[in-house]
Amino acid sequence: MGRDTVHVCGEVGERQALILGKVVLVTGVARQLGGRFVRRIQRDPEVERVIAVDAVPPEHHLGGADFVQADIRQPAIAKVLAEFDVDTVVHMDVTATALGRSGRGSVKETNVIGTMQLLGACQKSPTVKRLVVKSSTSVYGSAPKDPAVFTETTPPKSLPSGGFAKDIVEVEGYVRGFARRRPDVAVCVLRFANILGPAAESPLAEYFSLPVLPTVFGYDPRLQFVHEDDAVEVLRLGSHEPRRGTLNSGTFNIAGDGQLLLSQCSRRLGRPTVPVLLPAVTWVGSALRTLGATDFSPEQIRLLTHGRVVATRQMRETLGFRPKYTTAETFADFVRSRGPGLLPPAALAGAVDRIAALPFAGGNRCAN
Amino acid sequence: MSLLRPFYEKYFRVEVKGVENIPAEGGALIVANHSGTLPLDGLMMQVAVHDHHPRGRHLRLLAADLVFMLPVINELARKAGHTLACAEDAERLLERGELVGVMPEGFKGIGKPFSERYKLQRFGRGGFVSTALRTGTPIVPCSIVGAEEIYPMIGNAKTLARVLGFPYFPITPTFPWLGPLGAVPLPTKWTIQFGEPIPTDGYPPEAAEDPMLMFNLTDQVREQIQHTLYKLLVQRRSVFF
């Protein structure tokens, strides 16, 4: 499918791509998702070579990709771009948490300074034709004053004051600046909802792996998920030529259909929840963080208080992407990978049925 | 909703008129007066539409941001199908052909003193009219009688309200003197009257940007609700029966 579009539009760059094949540079490959994307995109016929970049060598294999150990915070990344005649850059090294034991400071530096360096290198490179950035729906923040559904053009009501969300806002700002300065480069910003799946390694996945889920009392946030497989697919869609009738440069929300409430999530996981009063949540969060259980950042708490749902019409109509998994299916797949919790849904349903069948509970409770 | 129904049928004994003015399908914007210190009128309107409309349509209410800031309340509101009163959400619902309920008086209407009962306050900036114009959906004016007297607000503790972050803090003959008991609404007799729909699809697309037309339509809706209110008040025999 990618091939025939190359025939349709015969610009110099694309013809070159047809003859020589594409050279794709991927950052952040030491992560599971980066590794999976590298392994997947090599199999595409139009891709000749994949350059995988990260500051630390990955634990998983990268197939036939060339791994270059480089820190994107250093100007050396420009040399890598020039040396391999890279034409497509997939920037996936924008993450909420550090790999291993480095602190928040270095994550922020990789996110912001790394993006600046990478974009600077891209700007100087004459060969780069396409840039894909893995962003997040965190840019919208999460507040009670927000509309129920965010579209790509909704301005955030309360700008995130720090943490990953602020990094993302800054990264997107730099990407927009780059798109203005290099209008010949197709720039695709993909704002992912929370990515889940059997191998997910996000703060939210860690949160859902806790034996007991602390929640904010009196709030039941609406959440949206994307499956890892869909994330890899849409990144691939963004890094190739657009299919006929679609456009893959611009900003797109990426999320599975539908939404889940946190209470539904906890029931499907079979993990009990402990409602905590909002003022006390921050203490519980920092206590959990000190124990190393999970990264309970303020923005994570905001997400688990007010929730966030995005519109995906642009993704379907302009980008032409249909996720294979809905939000609920993504979560079901995640639940299968985690094993049963303290209160398995089947056992709970059985217990509820038995209580309802007791004579004193009365039959009319079932009728409701 | 099954929790609200006893209130609706037994406590306030709501009488519904003109439910045939709500279209059987497609989007419509129901605009109502707002009163009663606590927004029970919106909830009762939701029950009225669902139980009396032949199609059992669901009314999606637009609520103030305060609703979504309060714990527990926000959870219930989302699950009852309410959303934030902003143009994006309203437009999205109307485009999907949903029935949307809005009370443009907002806090000015619900938090007005007892002496000003049944006097409509300013209708905001008429944002609801431009949303209806943009989506071409009819506006159904709705007048609610009875809600004004459930909590006769004789005073407003402004300092306390500011401390708590509320737009007003009501003082009624029973609240806060009797504690939680004072928060029980008075059992007044309610009437909800849906008026003739005002079509908005005959206007050119740029009409939503025309402030003159918007103010005219806003006034038309406001007048119609006010007139119906006066008519219903004249017909009413007593506040409680």
Side-chain angles (χ1 to χ4, degrees), chain A residues 140-158 214-224 253 258-267 273-281 301-314 317 364-368, chain B residues 1-6 27 29 39 42 50 58-102 106-107 124 127-128 130-131 134-135 163-167:
Chain A
Y140 300 117
S142 205
K145 287 189 180 183
D146 286 323
V149 179
F150 291 99
T151 64
E152 281 81 351
T153 51
T154 314
K157 289 274 153 48
S158 56
T215 60
V216 184
F217 172 76
Y219 292 89
D220 201 0
R222 300 162 303 143
L223 303 171
Q224 255 181 338
N253 291 333
Q259 60 196 46
L260 278 179
L261 293 169
L262 181 59
S263 56
Q264 291 174 310
C265 292
S266 76
R267 280 197 292 276
T273 56
V274 182
V276 182
L277 281 175
L278 192 53
V281 166
I301 294 171
R302 287 185 78 83
L303 173 69
L304 293 175
T305 311
H306 301 298
R308 188 189 305 126
V309 171
V310 296
T312 52
R313 187 190 282 184
Q314 290 290 330
E317 289 173 8
N364 55 351
R365 278 190 71 172
C366 309
N368 285 339
Chain B
M1 198 170 269
S2 40
L3 280 177
L4 291 171
R5 207 158 280 130
L29 189 66
H50 183 257
H58 282 282
L59 180 68
R60 309 289 302 264
L61 285 173
L62 302 183
D65 49 5
L66 180 67
V67 167
F68 295 102
M69 272 189 248
L70 298 173
V72 185
I73 308 228
N74 87 92
E75 196 181 330
L76 293 173
R78 279 270 182 236
K79 285 174 184 170
H82 307 168
T83 190
L84 182 77
C86 61
E88 293 99 325
D89 281 7
E91 236 178 283
R92 175 177 298 274
L93 288 172
L94 287 172
E95 272 168 13
R96 283 210 319 232
E98 301 246 18
L99 216 49
V100 178
V102 66
F107 289 126
F128 70 96
S130 67
T131 304
R134 239 174 285 141
T135 49
V163 171
L164 292 172
F166 296 146

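Please read all numbers here as calculations on a predicted model, not as lab measurements. Lettering of chains follows the sequences in order, A, B, ..., and the numbering in each one begins at 1.
When atom types are taken as modelled, the side chain of B:D65 and the backbone of A:P144 share no donor-acceptor pair closer than 3.5 angstrom.
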Can you list the steps and then say if B:E88 with A:T151 is a side chain to side chain contact (heavy atoms under 4.5 Å, CB included)? CA-CA 9 Å; B:E88 293 99 325; A:T151 64; over 6 Å; no

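Atom CZ of B:R5 has more than 12 heavy atoms from other residues, nucleotides or ligands within 6.0 Å.
The structure places CG of A:L261 at 5.5 Å from NZ of B:K79, a figure rounded to the nearest 0.5 Å. For the atom pair CD1 of B:I73 and OH of A:Y219, the computed distance is 10.0 Å after rounding to the nearest 0.5 Å. Atom CD in B:E75 sits 8.5 Å away from atom CZ in A:F217 (nearest 0.5 Å).
Contact of B:L76 with chain A is not made at all, since no heavy-atom distance falls under 4.5 Å.
Residues B:D89 and A:V149 come closest through the heavy atom pair OD1-N, 4.0 Å.
Ranked by heavy-atom pairs under 4.5 Å with chain B, the list A:A311, A:A143, A:P147 is led by A:P147.
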